[in-house]
**Q** 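Pasting in a structure now, in C-alpha cells, and then I'll have a few things to ask.
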Amino acid sequence: MTRVFSGIQPTGELHLGNHLGALRNWVRMQDTSEAVFCIVDLHALTIPKPPGEVGAATLRLGQLLLAVGLDPERCILFVQSHVREHTECAWLMECTVSFGELRRMTQFKDKSERADFISAGLFTYPALQAADILLYDTDEVPVGEDQRQHIEITRDIAERFNSRYGDTFVVPRAVIPAAGARVMDLQNPTAKMSKSSESPQGTIGVLDDPAVIEKKIKRAVTDTETEVRYDPEAKPGVSNLVSILAAATDRDPHEVAADYDRYGPLKADTAAAVIEMLRPVQERFRRLEADPAETSRLLAVGADKAREIAARTMDRARRNIGLLAD
Ligand code: TYM
C-alpha cells in the first residue's frame with residue numbers, strides 16, 4: 001500500500017489555503033493509503049515564540065485536524081516533538097545537504113528578509129522536513145504548491161544518502177491538487193493566502209463565521225473588467241475565486257468560469273460553497289474543543305505508532321552508515 005506523509009505547522013489559524021491545498025487531500029488519502037500526518041511543532045520554533053505558545057497551538061491544531069476529518073483509526077496523527085527520531089534524523093540530513101542547496105531555498109530567502117532574528121534553524125529547516133518525510137518510507141507527500149521545492153530537496157537528499165551508504169530511504173514524490181494548490185490572498189491576489197498576511201480581510205479562517213466569510217469574499221479584489229475567465233496571470237483576483245469555487249465543488253476551473261458572466265453571482269456562489277464546506281468542520285471543532293484531554297490522548301496513541309516506524313528507519317540508517325553499534 002502507498003505510504004503517505006505530510007505535515008503542518010502549529011502557527012496562526014488554519015486557513016482556506018491549508019484546507020484546499022492540503023487537508024482535504026489528507027482526509028481523502030486516509031482511505032486509499034497508509035497515511036501519516038504530523039503537527040510539526042519543532043518547525044514552528046524556527047521563528048522565536050513566547051513560552052507555552054507552541055504547545056497551546058499544537059493542541060488546537062490537533063483538534064482542528066480531527067474536526068477536518070482526520071480519523072486516528074484510519075491514519076497516524078502525531079506531534080513531531082513526541083518522536084525524538086525526527087531531530088536525530090535531521091542531523092543526518094544536514095550532513096547530506098549542502099550549504100549552497102539550502103541557500104537557494106526560496107522560503108528561506110522570503111522568511112529571512114522579514115525576520116528580525118534569523119535562526120540557524122530557519123536555514124536548516126528543509127533538513128528537518130526531509131527527516132520528517134524520509135523516516136516513514138514515504139511514497140507520496142500531499143502538499144500545496146508552495147512546498148514543491150521542499151519535496152524536491154528531500155528527493156535530492158534521499159538519493160544522495162542512498163548513493164553514499166546504500167539503499168536506505170524511499171525517494172518520495174509530491175502530490176499537488178489540480179485545483180486549490182495555491183489559494184491567493186483575497187485582498188492581494190498576487191500573494192498566497194497565508195497565516196502571516198498583512199490583511200486579515202484577505203485570509204479566510206477555517207473557523208470564520210459564515211457572515212464573515214461572506215463579507216470577505218464579497219469584498220475580494222477583482223478587476224475593472226466584467227468578464228469571468230480563468231486566467232491567473234491576467235486576472236488573478238477573479239481566477240482565485242474561480243479556483244476556490246472549483247476546488248470546493250470538485251470541478252474544473254475553466255468549466256466553473258464558463259458558468260458565469262458577472263462577478264456578483266460568482267462571489268455569492270463561492271461564499272456559499274465555502275460556508276457549506278466548512279460548516280461540518282466548525283461543528284465538530286466546537287465538540288472537540290470541550291474535551292482537550294481526548295485530543296491529547298489520541299495524539300499520544302499516534303506518537304506510539306509513529307515511533308515504531310521511525311525507530312526502524314533510524315536503525316537502518318545508522319547501520320548503513322556504519323556507526324559503531326551501542
Ligand atoms: P504549512 O504549515 O505552511 O502549510 C500546511 C499545508 O498547507 C498548504 N498551504 C497552501 N495550499 C494552498 N494555498 C495556500 N495559500 C496555502 N498555504 C499553505 C501547504 O502547501 C502545506 O501543504 N514546511 C511545511 C510543513 C512541513 C511538512 C513536512 C510538509 C514540515 N514537514 C513534511 C510536508 C511534509 C509548512 O510549513 O506547511
Side-chain angles (χ1 to χ4, degrees), residues 3-27 29 35-47 54 57-58 61 64-65 68 70 78-81 83 86-87 89-90 93 105-108 110-111 121-122 124-136 138-155 157-158 172-197 202-206 232 236 239-240 243-244 246-248 306 310:
R3 170 69 58 71
V4 161
F5 179 96
S6 200
I8 180 164
Q9 292 197 62
T11 45
E13 285 291 329
L14 207 59
H15 57 73
L16 190 64
N18 300 130
H19 192 69
L20 294 176
L23 302 183
R24 270 180 4 135
N25 257 350
W26 297 12
V27 171
M29 286 171 135
V36 184
F37 300 117
C38 182
I39 302 176
V40 293
D41 55 346
L42 298 174
H43 274 113
L45 300 180
T46 52
I47 310 279
V54 172
T58 299
L61 182 55
L64 269 163
L65 293 176
V68 163
L70 294 189
F78 74 104
V79 177
Q80 187 184 35
S81 68
V83 179
H86 286 250
T87 41
C89 185
M93 304 291 109
M105 300 302 290
T106 52
Q107 188 166 311
F108 175 71
D110 290 351
K111 287 197 175 173
L122 190 62
T124 59
Y125 182 116
L128 179 58
Q129 179 158 351
D132 298 339
I133 297 168
L134 299 184
L135 277 173
Y136 297 92
T138 303
D139 302 297
E140 294 183 349
V141 191
V143 283
E145 182 63 44
D146 62 344
Q147 295 300 313
R148 194 186 283 279
Q149 200 184 23
H150 283 152
I151 313 307
E152 279 307 311
I153 202 171
T154 301
R155 291 170 58 86
I157 293 173
R173 61 183 173 276
V175 176
I176 295 175
R182 195 168 165 76
V183 177
M184 309 307 275
D185 189 294
L186 298 176
Q187 288 300 316
N188 176 16
T190 54
K192 71 171 180 181
M193 186 177 286
S194 110
K195 299 164 189 169
S196 54
S197 164
T203 304
I204 294 181
V206 164
S239 302
N240 190 34
S243 66
I244 291 172

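Just follow the structure's listing: the first ligand is 1, and inside any ligand the first atom is 1. Starting from 1, each residue takes its place in the sequence as its number.
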**Q** Starting from atom 25 (C) of ligand 1, which protein heavy atom do you reach first, and at what distance in Å?
**A**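 Heavy-atom neighbour on the protein nearest atom 25 (C) of ligand 1: G7 O, 3.7 Å.
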**Q** Would you check whether H15 reaches within less than 4.0 Å of ligand 1, judged by its heavy atoms?
**A**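 Contact present.
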**Q** Atom CD in Q80, atom CG in D132: separation rounded to 0.5 Å?
**A**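 Here the rounded value is 4.5 Å.
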**Q** Please walk me through it: do E13 and K195 pass side-chain contact (heavy atoms from CB on, under 4.5 Å)?
**A** CA-CA 6 Å; E13 285 291 329; K195 299 164 189 169; over 6 Å; no
**Q** So which bit of H43 gets within less than 4.0 Å of ligand 1, heavy atoms only: side chain, backbone, both or neither?
**A**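 It is the side chain that touches ligand 1; the backbone stays farther off.
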**Q** Regarding atom 34 (C) of ligand 1: of the candidates I133, L42, V183, which has the closest heavy atom?
**A**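 Comparing heavy atoms across I133, L42, V183, the nearest one to atom 34 (C) of ligand 1 lies in I133.
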**Q** Name the option, out of L20, T46, D132, that contains the heavy atom nearest to atom 31 (N) of ligand 1.
**A**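 Going through L20, T46, D132 one by one, D132 has the nearest heavy atom to atom 31 (N) of ligand 1.
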**Q** When the aromatic ring centroids of H150 and F108 are compared, is their separation below 6.0 Å?
**A**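 Between F108 and H150, which both carry aromatic rings, the centre distance is not below 6.0 Å.
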**Q** For atom 27 (C) of ligand 1, what's the nearest protein heavy atom and its distance?
**A**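 For atom 27 (C) of ligand 1, the nearest protein heavy atom comes out as Q129 NE2, 3.3 Å.
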**Q** Who passes salt bridge (charged side-chain N to carboxylate O under 4.0 Å, His left out) against R182, sequence neighbours left out?
**A**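 Partners of R182 under the salt bridge (charged side-chain N to carboxylate O under 4.0 Å, His left out) test: none.
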**Q** Please list, in number order, the atoms of ligand 1 under 4.0 Å from a heavy atom of A22.
**A**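 In order of numbering, the contacting atoms are 6 (C), 7 (O), 22 (O).
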**Q** Checking side-chain contact (heavy atoms from CB on, under 4.5 Å) for the pair V206/L23: CA distance, chi angles, key distance, verdict?
**A** CA-CA 11 Å; V206 164; L23 302 183; 5.9 Å; no
**Q** Are the side chains of V183 and H15 in touch, meaning some heavy atoms are under 4.5 Å apart?
**A**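 Not touching, per the 4.5 Å side-chain cut-off.
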**Q** Taking only heavy atoms of Y125, which atoms of ligand 1 are found under 4.0 Å from at least one of them?
**A**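 So the atoms of ligand 1 that pass are 23 (N), 24 (C), 25 (C), 35 (C), 36 (O).
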**Q** Going by the angle between their ring planes, with limits at 30° and 60°, are F5 and Y136 parallel, tilted or perpendicular?
**A**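 Rings of F5 and Y136: parallel, under 30°.
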**Q** Any non-hydrogen side-chain atom of I133 less than 4.5 Å from a side-chain atom of I151?
**A**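 I133 vs I151: side chains touch.
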**Q** Identify the protein heavy atom lying closest to atom 9 (N) of ligand 1, giving its residue, its atom name and the separation to 0.1 Å.
**A**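 It is N18 ND2, 3.8 Å.
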**Q** Would you mind telling me if ligand 1 is within reach of the side chain of R182, the backbone, both or neither, using heavy atoms under 4.0 Å?
**A**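 Backbone only.
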**Q** Does S6 have a non-hydrogen atom less than 4.0 Å from ligand 1?
**A**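 Yes; S6 lies near enough to ligand 1 that a heavy-atom distance drops under 4.0 Å.
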**Q** Tell me, please, which residues at least two apart from A131 pass side chain to side chain contact (heavy atoms under 4.5 Å, CB included).
**A**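 Expected list: C89, A90, M93.
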**Q** Show me which atoms of ligand 1 lie under 4.0 Å from any heavy atom of G144.
**A**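 Going through ligand 1 atom by atom, the ones under 4.0 Å from G144 are 11 (N), 19 (C), 20 (O), 22 (O).
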**Q** Where on V40 is there a heavy atom closer than 4.0 Å to ligand 1, on the side chain, on the backbone, on both, or on neither?
**A**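 Looking at V40 and ligand 1, just side chain atoms fall under 4.0 Å.
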**Q** Heavy-atom contact under 4.0 Å between Q107 and ligand 1?
**A**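 Not so, Q107 does not reach ligand 1.
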**Q** Ignoring hydrogens and angles, tell me if any N or O in the side chain of R155 forms a donor-acceptor pair with the backbone of P172 under 3.5 Å.
**A**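 It does hold such a pair.
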**Q** At a 4.0 Å threshold, what atoms of ligand 1 neighbour a non-hydrogen atom of G21?
**A**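 Those of ligand 1 that fall under 4.0 Å from G21 are 11 (N), 12 (C).
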**Q** Given I244, V143, D146, which has its nearest heavy atom closest to atom 19 (C) of ligand 1?
**A**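 The nearest heavy atom belongs to D146.
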**Q** What distance do L70 atom CG and F37 atom CZ have between them, rounded to the nearest 0.5 Å?
**A**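 Answer rounded to 0.5 Å: 6.0 Å.
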**Q** What protein heavy atom sits nearest atom 10 (C) of ligand 1, and how far away is it?
**A**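 I find the closest protein heavy atom is G17 O, 3.4 Å.
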**Q** Provide the number and element of each atom of ligand 1 under 4.0 Å from a heavy atom of G180.
**A**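 Close to G180: 12 (C).
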**Q** Locate the shortest heavy-atom distance separating D41 from V79; write the atom from each residue and the value.
**A**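 Minimum heavy-atom separation between D41 and V79: OD2-CG1, 3.2 Å.
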**Q** Could you identify the single nearest non-hydrogen protein atom to atom 24 (C) of ligand 1 and state the distance to 0.1 Å?
**A**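 Result for atom 24 (C) of ligand 1: Q147 OE1, 3.4 Å.
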**Q** Rounded to the nearest 0.5 Å, what separates atom CD1 in I8 from atom CD in Q147?
**A**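 Going from CD1 on I8 over to CD on Q147, the span is 10.0 Å.
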**Q** Considering only heavy atoms of K195, which atoms of ligand 1 have at least one such atom less than 4.0 Å away?
**A**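 Answer, ordered by atom number: 2 (O).
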**Q** Hey, is ligand 1 close enough to M193 that some N/O pair sits below 3.5 Å?
**A**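 By distance alone, the answer is yes.
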**Q** Going through the distances and angles, do T58 and L61 end up as a side-chain contact (heavy atoms from CB on, under 4.5 Å)?
**A** CA-CA 5 Å; T58 299; L61 182 55; 5.9 Å; no
**Q** In ligand 1, which numbered atoms sit nearer than 4.0 Å to a non-hydrogen atom of V141?
**A**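 Numbered from 1, ligand 1 contributes 33 (C), 34 (C).
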**Q** Just to confirm my output: which protein heavy-atom neighbour is closest to atom 2 (O) of ligand 1, and how far is it?
**A**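 Answer for atom 2 (O) of ligand 1: Q9 N, 2.9 Å.
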**Q** With a heavy-atom distance limit of 4.0 Å, tell me whether A181 approaches ligand 1 through its side chain, its backbone, both, or neither.
**A**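 Contact part for A181 vs ligand 1: backbone (N, CA, C, O).
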